[in-house]
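Take a look at the structure below.
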Number of protein chains: 2
Amino acid sequence: MLQTVQKAAQVLRLFTPKQPEWGVTEVAAVLGIPKSGAHALLRTLAAEGLLQRTPNGRYRLGWSLFELSQTLLDSSALLRAARPIMERLVAGWGETTQLAVLVDGQVLYVEKLQGDRALEIVLSGVGKRLPAHCSGVGKVLLAHQPWENVLAIVERTGLVSFTPNTISSVEQLRAELERVRQQGFAYDQEEVMVGLCCAAAPIYDESGQVIAAMSLSVPAYRFYPNRQRLTTAIVDAARRVSEELGYYQEAWPWENGKPSRSRSSGLATSVPT
Amino acid sequence: MLQTVQKAAQVLRLFTPKQPEWGVTEVAAVLGIPKSGAHALLRTLAAEGLLQRTPNGRYRLGWSLFELSQTLLDSSALLRAARPIMERLVAGWGETTQLAVLVDGQVLYVEKLQGDRALEIVLSGVGKRLPAHCSGVGKVLLAHQPWENVLAIVERTGLVSFTPNTISSVEQLRAELERVRQQGFAYDQEEVMVGLCCAAAPIYDESGQVIAAMSLSVPAYRFYPNRQRLTTAIVDAARRVSEELGYYQEAWPWENGKPSRSRSSGLATSVPT
DNA sequence: GGCGACCGTTCAGAATGCACGAACCGATCG
DNA sequence: CGATCGGTTCGTGCATTCTGAACGGTCGCC
């Protein structure tokens, strides 16, 4: 694990919408490294285009990151597969649908399509992160992680409470994740914001790994009466995306680890690399 | 210049739309480093979320890059300032307008608004790179670089010819950049694609540095009759963006280097090396 | 207007962490 | 069933990075 690269990545992660500009001294202070080291990191990253210098000698994120991100999106089967299905979902329900992945133990929202009946959800947004324990997509994603990973995440970030409904104990979380894994979907019942609910379902890639989660966000008063229909809608949509990605299940919510390969020999071999 | 970080950045740059997936052995071969080294780089980058693993053990770009890119866009005054002005430009002319920056000696397109009268320009596109010597925006950006930088870029990448009009000699380039710098705008007269022209102008930040370029792309048969009006339109639009960014010029296309602050002792003033 | 504090940058010595090649393991294909 | 290819691991020696102190420019305060 090359520590120099780790530190470089740490430096990149410092740059947030709230603090998009950093100086050598600040970085050194926050990371607890000597100024000269921080300087070397920043300077190298800037030379590589991952950072750029401001007129006053400080640093901001560089355009290379934009290029890399575009390459990622361009080559990402996930977004290509999910977008049209999300559009149909929004057209049918008029609610907001979101697509998210797990990054570093947190939920990263990758796509968000807003419906005409939808209320504006300010907390989540494309490119934004949220803790995983409180949202529908977060619980889906955590549920398909090894429990030891989940524990490590929780120990690192804690279980921040957004509303009285937010999961606040590890035991509660363990039970909830178990349920989510078995039933194949998750609810967020006003756990991140009072009055806001959502139903979320996992998206599998061709190897059976859960790589993303999709959700329909609905105001509470429209959620509870329609829970069943919402659930089937999001589960079905997520299943269609998974199939688009090359995941052909025999029995659906079954054995989260590696379902294919050994089960019925012929099937897994037909998957193109 | 931390070489480990340099190599990590090199690895990231390998991932392109054409080859979005790499294995350890390939990376080691292309970079000329031992497999174990490539493995360490890839593994670390993946652990940091800058790469992700595919089901078959190879590597693709990771979602962290998407997050960083969104942070960059969110905090970028350039795009915020340019977009509305580009929209008005498109509304007025019905032609395509583009915004580009210089990354690593090449033009990186950052925004592209297509007009209703416009022909589809396939070569350029958001997140795509092109050589700088052949496009309007590229010539504008090069013109405001120190000539030694330009030389280094040309020596590294050569002067690829797209059409008979493409600049193909260093002397030709030097003269053209000199003209562009003095007149404050550049034309691309079918230099990248036969039948396609554009007019481009520089965008300055508050310190007087050229940080981007804007262009109007027009089919040749509409370009030549309207060249004068196109020129004033794009120059004016770019000037408005610059002013939005805090650049208040006294006399406009004048003294490319560092106009404000100090006149005589001006060379080493703003950014120390 | 001059003094001081702050910040980015440079430098040289010291040890730590990376580079390297060989060996391991698992999958894939003939 | 064996051979080849790809990803992974491991231990050692050397070079690279880390460290802390000093430099020089800029800004703000007195």
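Quick caveat, the model's predicted, so the values are computed rather than measured. Convention: sequence-line order gives letters A, B, ...; per-chain numbering from 1. When reading the values below, keep in mind they use all heavy atoms of this one structure, side chains included, and skip hydrogens, waters and symmetry mates.
Side-chain N/O atoms of B:Arg58 include none lying less than 4.0 angstrom from OP1 or OP2 on D:dT8. OP1 or OP2 of D:dT9 has at least one side-chain nitrogen or oxygen of B:Arg43 nearer than 4.0 Å. Applying the 4.0 Å criterion to OP1 and OP2 of D:dT8, one finds that B:Tyr59 has a side-chain N or O inside that range. Note on A:His39: a side-chain N or O is less than 4.0 Å away from OP1 or OP2 of C:dT9.
Atom CD of B:Gln3 is separated from atom P of C:dC20 by 10 Å (rounded to the nearest Å). Distance B:Asn56 CG to C:dT28 P: 10 Å, rounded to the nearest Å. We find that CG of A:Leu51 is positioned 13 Å from P of C:dG8, with the value rounded to whole Å. Across the protein-nucleic acid pair, A:Trp22 atom CH2 and C:dG8 atom P stand 12 Å apart, rounded to whole Å. Taking atom CD on A:Glu26 and atom C1' on C:dT9, their separation rounds to 16 Å, with Å as the unit. With rounding to whole Å, A:Lys7 atom NZ is found 17 Å from D:dT16 atom P.
With hydrogens and angles ignored, the 3.5 Å screen pairs a side-chain donor or acceptor of B:Arg80 with a backbone N or O of B:Asp74. Here the side chain of B:Thr44 pairs a donor or acceptor atom with the backbone of B:Ala40 at under 3.5 angstrom.
Of all heavy-atom pairs between B:Gly208 and B:Tyr247, the closest is CA-CE1, 3.8 Å.
When each of C:dG8, D:dT17, D:dG7 is scored by its nearest atom to the side-chain atoms of B:Leu2, the top-ranked nucleotide is D:dT17.
No side-chain donor from either of A:Gln6 and A:Gln10 sits under 3.5 Å from a side-chain acceptor of the other.
Using a 4.0 Å heavy-atom distance criterion, A:Leu42 is classed as making no nucleic acid contact.
With hydrogens and angles ignored, no donor-acceptor pair closer than 3.5 Å exists between the side chain of B:Thr25 and the base of D:dG6. Side chain A:Lys35 to base D:dG20: no donor-acceptor pair is found below 3.5 Å.
Map A:Gly23 and B:Ala40 each onto its nearest nucleotide of DNA chain C; the residue landing nearer the 5' end is A:Gly23. In terms of position along DNA chain C, the nucleotide closest to A:Ser36 lies nearer the 5' end than the nucleotide closest to the other residue of the pair B:Ile33 and A:Ser36.
Residues B:Leu51 and B:Trp22 form no side-chain contact, since every pair of their non-hydrogen atoms from C-beta on lies 4.5 Å or further apart.
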